[in-house]
Each structure stands twice: as C-alpha cells, then as structure tokens.
Q: 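Next up is a structure, given as structure tokens.
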Amino acid sequence: ANKTGFDVATTTGSFDMNRCSVHDFVVASSVWLTVAASANNVAVANSVFYNSNSTGIFIAGTTANVLVINNNYLQQDS
C-alpha cells in the first residue's frame with residue numbers, strides 16, 4: 001500500500017507549506033508531495049523531507065500560475 005503525504009489540487013485559494021518536516025516514507029511508491037496539474041498558488045519553502053525510498057515530490061505537468069519550491073532539504077535513502 002502506498003503512503004501519501006500531501007495531495008495539492010487547489011485551483012482557488014493557496015497552499016503554503018513553510019518550515020515543515022516530512023519523514024519516513026519507506027513503503028514502496030510512497031510520495032511526500034503531489035501537485036496536481038490544475039493546482040495554483042503553491043509554495044513549499046524552508047522544509048525538510050527525509051527517509052524515503054521512492055518519489056519525493058511529484059508535479060503533474062502543472063500549468064500553475066504560481067508554483068514555488070525553494071530552500072528545502074530532501075534526502076532519499078536507498
């Protein structure tokens with residue numbers, strides 16, 4: 001079974017993930033953060049993502065008006 005973190009699909013409003021920690025996604029095919037193709041106003045900053053054996057952040061061919069992913073630490077264990 002997959003372990004899912006955040007599924008972002010907002011088309012109105014916004015999603016702001018700032019100074020967060022996400023960890024221990026060791027189940028096969030787990031994803032920390034999924035951003036839908038229609039998502040708008042998404043910001044992920046100053047956060048830590050660690051201990052994953054699969055995809056960390058998946059962005060589905062977005063046409064987002066605002067998509068900001070910066071100043072994060074990602075560690076994928078093998």
Side-chain angles (χ1 to χ4, degrees):
N2 297 349
K3 181 175 181 181
T4 302
F6 298 92
D7 290 323
V8 180
T10 182
T11 56
T12 60
S14 62
F15 175 82
D16 184 8
M17 181 177 191
N18 195 352
R19 292 179 168 80
C20 295
S21 175
V22 180
H23 58 87
D24 296 335
F25 280 71
V26 294
V27 176
S29 301
S30 299
V31 180
W32 294 322
L33 175 68
T34 301
V35 179
S38 60
N40 288 315
N41 304 316
V42 177
V44 180
N46 307 306
S47 296
V48 175
F49 301 86
Y50 66 94
N51 198 18
S52 172
N53 66 359
S54 191
T55 304
I57 297 175
F58 178 74
I59 301 170
T62 186
T63 57
N65 289 329
V66 179
L67 176 62
V68 178
I69 298 177
N70 66 349
N71 202 32
N72 296 289
Y73 174 80
L74 292 86
Q75 176 183 329
Q76 184 172 354
D77 293 341
S78 50

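Residues take their numbers from the sequence shown, with the count starting at 1.
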Q: Do Val22 and Val48 come close enough that some side-chain heavy atom pair is under 4.5 Å?
A: no
Q: Side chains of Ile59 and Ile69: closer than 4.5 Å at any heavy-atom pair?
A: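 Touching, per the 4.5 Å side-chain cut-off.
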Q: Do the side chains of Val26 and Tyr50 join up, straight or via other hydrophobic residues, at under 4.5 Å, putting them in one cluster?
A: no
Q: With sequence neighbours excluded, tell me which residues meet side-chain hydrogen bond (donor to acceptor under 3.5 Å, both in side chains) with Asp24.
A: Asn51
Q: Does any N or O in the side chain of Asn46 come within less than 3.5 Å of the main-chain N or O of Asn72, such that one atom is a donor and the other an acceptor?
A: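 Judged by distance alone, no pair lies under 3.5 Å.
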Q: Taking all non-hydrogen atoms of both residues into account, name the closest pair between Gly13 and Asn41 and its distance.
A: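 Taking Gly13 first and Asn41 second, the nearest heavy atoms are O-ND2, 3.1 Å.
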Q: Output yes when a side-chain donor or acceptor of Thr34 lies under 3.5 Å from a complementary backbone atom of Asp7, and no otherwise.
A: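 It does not hold such a pair.
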Q: Relative to the ring of Phe6, is the ring of Phe15 parallel (under 30°), tilted (30 to 60°) or perpendicular (over 60°)?
A: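 Aromatic pair Phe15/Phe6 classed tilted.
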Q: Going from CZ on Phe49 to CH2 on Trp32, what distance comes out if it is rounded to the nearest 0.5 angstrom?
A: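 Atom-to-atom, Phe49:CZ and Trp32:CH2 are 7.5 Å apart.
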Q: Look only at the side chain of Asn18 and the backbone of Asp16, and say whether a donor-acceptor pair between them is shorter than 3.5 Å.
A: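 Not confirmed, Asn18 side chain does not pair with Asp16 backbone.
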Q: Looking only at non-hydrogen atoms, find the nearest pair between Ser38 and Ala9 and report the distance.
A: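 It is OG-O, 4.5 Å.
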Q: Quick one: are Leu33 and Val44 in side-chain contact, heavy atoms under 4.5 Å?
A: yes
